[in-house]
Amino acid sequence: MADKLHLTPVSEWGIFTEFHPMVIAGPCSAESEQQVLETAREIALAGIRVFRAGIWKPRTHPGCFEGVGTPGLKWLQRARELYGLKVCTEVAGEKHVRECIRHGIDLVWIGARTTANPFLVQELAEALQGTDLPVLVKNPINADLDLWIGALERLNRAGVQKIGVVHRGFSSLKHLPYRYTPGWRIAIELRTRYPDLPFFADPSHMAGDRKYVPELSQRALDLGLDGLMIESHCHPDQALSDAAQQLTPQALRSLLKEQLIVREADTEEADYRENIEQLRARIDILDENLLEILRSRMAVSEEIGRFKKEHNIAILQTRRWDALLDDMIRKGDAEGLNEPFLRSLFSAIHEESIRVQNDILSEKEESNN
Ligand code: PEP
Ligand code: MN
């Protein structure tokens, strides 16, 4: 059973001044004082108030640029003073948290590789206890919603209440144009379970290539997520990490100011309200009909189960099922319904039918005992 989370509203964190969407931007890594300050200045000119830069970098291969470490925190302090930015970085252990607090960092995030490790998350939760530092938790690198929720619970149990999440996509075997599978379904599931949790998307890591950052950012906004964390570097092609996915601050400005469409979550406008309510009422009726149809279908499954039992026939008849599924998909497709949707819907119905028939079989076994 998951914990209820006790959260401080993001409007009380003292970090963001704009909420539709909240934006965090900055380079993947702090590389030099000059690179940090030049990027920070341009990001501030683009109207962004929260600056990111990785100081300790979790890299796949040893020997890659692993971040400049603690000295880079001074550059973030400087960016903060010069351009009035709030500054944030990634933490992966107790020492990082201590150094961030010593340098007045405003917000920290937990990276995807760290969220996947409950020992490290516990260490971070204890280090953050009593600090009041806001924390964003990136999804674990594997598509495991419980692991992600577990990290939120560990922080919350340690008394951390300024918590948000960053959806940055999942590692996958599939070959996609994107670096990480977006897995929006999991994000929506988390959003539905914790509607008050500030929810960011990180289109940069999801994309792996700057050309996909706009479409992924728009998708995140269309799904009603609250914020974007976007990597931006004053000279992206020369970046020491994640060069392909970083935008120049100018491109970032154009994305935010000219390209992205921000939709309202809701409106009180009379015409919209009246129409949406009628449409919702229609959906409610159709959903009730669906329930009724499912109930009748399961009743027939029960009857089939009884019949098979009387004739001593096995429950699972794969060949019949495969033919039926193909037939439904063909018909559904002709009606313009999406094939993966039909496949998962009918698979769920089939699984439940088998469960119902199995129950009938065990009834028999019990009554024989
Ligand atoms: C990052 O934000 O630079 C980073 C390393 O991200 P992730 O943990 O999502 O890979
Ligand atoms: Mn990066």
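Bear in mind that the values here come from a model prediction, so they are computed numbers and not experimental data. Just so you know, ligand 1 is whichever comes first in the structure, and atom 1 is the first atom listed for that ligand.
Between Phe346 and His350, the gap from one ring centroid to the other reaches at least 6.0 Å. The aromatic ring centroids of Phe19 and Phe200 lie 6.0 Å or more from each other.
Ranking protein heavy atoms by distance to atom 8 (O) of ligand 1, first place goes to Ala112 N, 2.8 Å. Among protein heavy atoms, atom 4 (C) of ligand 1 sits closest to His205 NE2, 3.5 Å.
Taking a 6.0 Å sphere around CD of Glu310, one finds it holds more than 12 heavy atoms contributed by other residues, nucleotides or ligands.
Residues Lys57 and Cys28 are in side-chain contact: their nearest non-hydrogen atoms beyond the backbone lie under 4.5 Å apart. Considering only heavy atoms from C-beta on, Pro21 stays 4.5 Å or farther from Asp226 through its side chain. Between Leu37 and Leu82 the shortest side-chain heavy-atom distance falls below 4.5 Å.
Excluding waters, the protein N/O/S atoms found under 2.8 Å from the Mn ion (ligand 2) are Cys28 SG, His205 NE2, Glu231 OE2, Asp242 OD2.
Using the six-membered ring where Trp is involved, Tyr178 and Tyr212 have ring planes that are perpendicular, over 60° apart on the 30 and 60° scheme.
For the pair Arg80 and Phe51, the NZ or CZ position fails the cation-pi test of under 6.0 Å to the six-membered ring centre and within 45 degrees of the ring normal.
At a 3.5 angstrom cut-off on N or O pairs, Arg168 counts as close to ligand 1. Taking distance alone, with nitrogen or oxygen atoms compared against 3.5 Å, Lys57 approaches ligand 1 more closely than that limit.
Which parts of ligand 1 touch Arg113 is read off a 4.0 Å heavy-atom cut-off, strictly below it: atoms 7 (P), 8 (O), 10 (O). Those atoms of ligand 1 with a heavy atom of Glu90 less than 4.0 angstrom away are 4 (C), 5 (C). Less than 4.0 angstrom separates some heavy atom of Gly111 from each of these atoms of ligand 1: 8 (O). For ligand 1, the atoms closer than 4.0 angstrom to any heavy atom of Trp109 are 2 (O). The distance from ligand 1 to the heavy atoms of Cys28 drops below 4.0 Å at these ligand atoms: 3 (O).
The closest donor-acceptor contact from the side chain of Ser172 to the backbone of Lys174 lies under 3.5 Å.
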Begin from the C-alpha positions of Ser204 and Arg210 and carry the test side chain to side chain donor-acceptor pair (under 3.5 Å) through to its verdict. CA-CA 7 Å; Ser204 305; Arg210 65 179 70 89; over 6 Å; no
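Pairs passing the side chain to side chain donor-acceptor pair (under 3.5 Å) check and including a residue from residues 124-134, sequence neighbours excluded, read Gln122-Glu126, Asp132-Lys162.
When the heavy atoms of Arg52, His167, Lys138 are ranked by distance to atom 7 (P) of ligand 1, first place goes to Lys138.
Residue contacts with ligand 1 for Met229 are absent, since no atom lies close enough (heavy atoms, distance under 4.0 Å).
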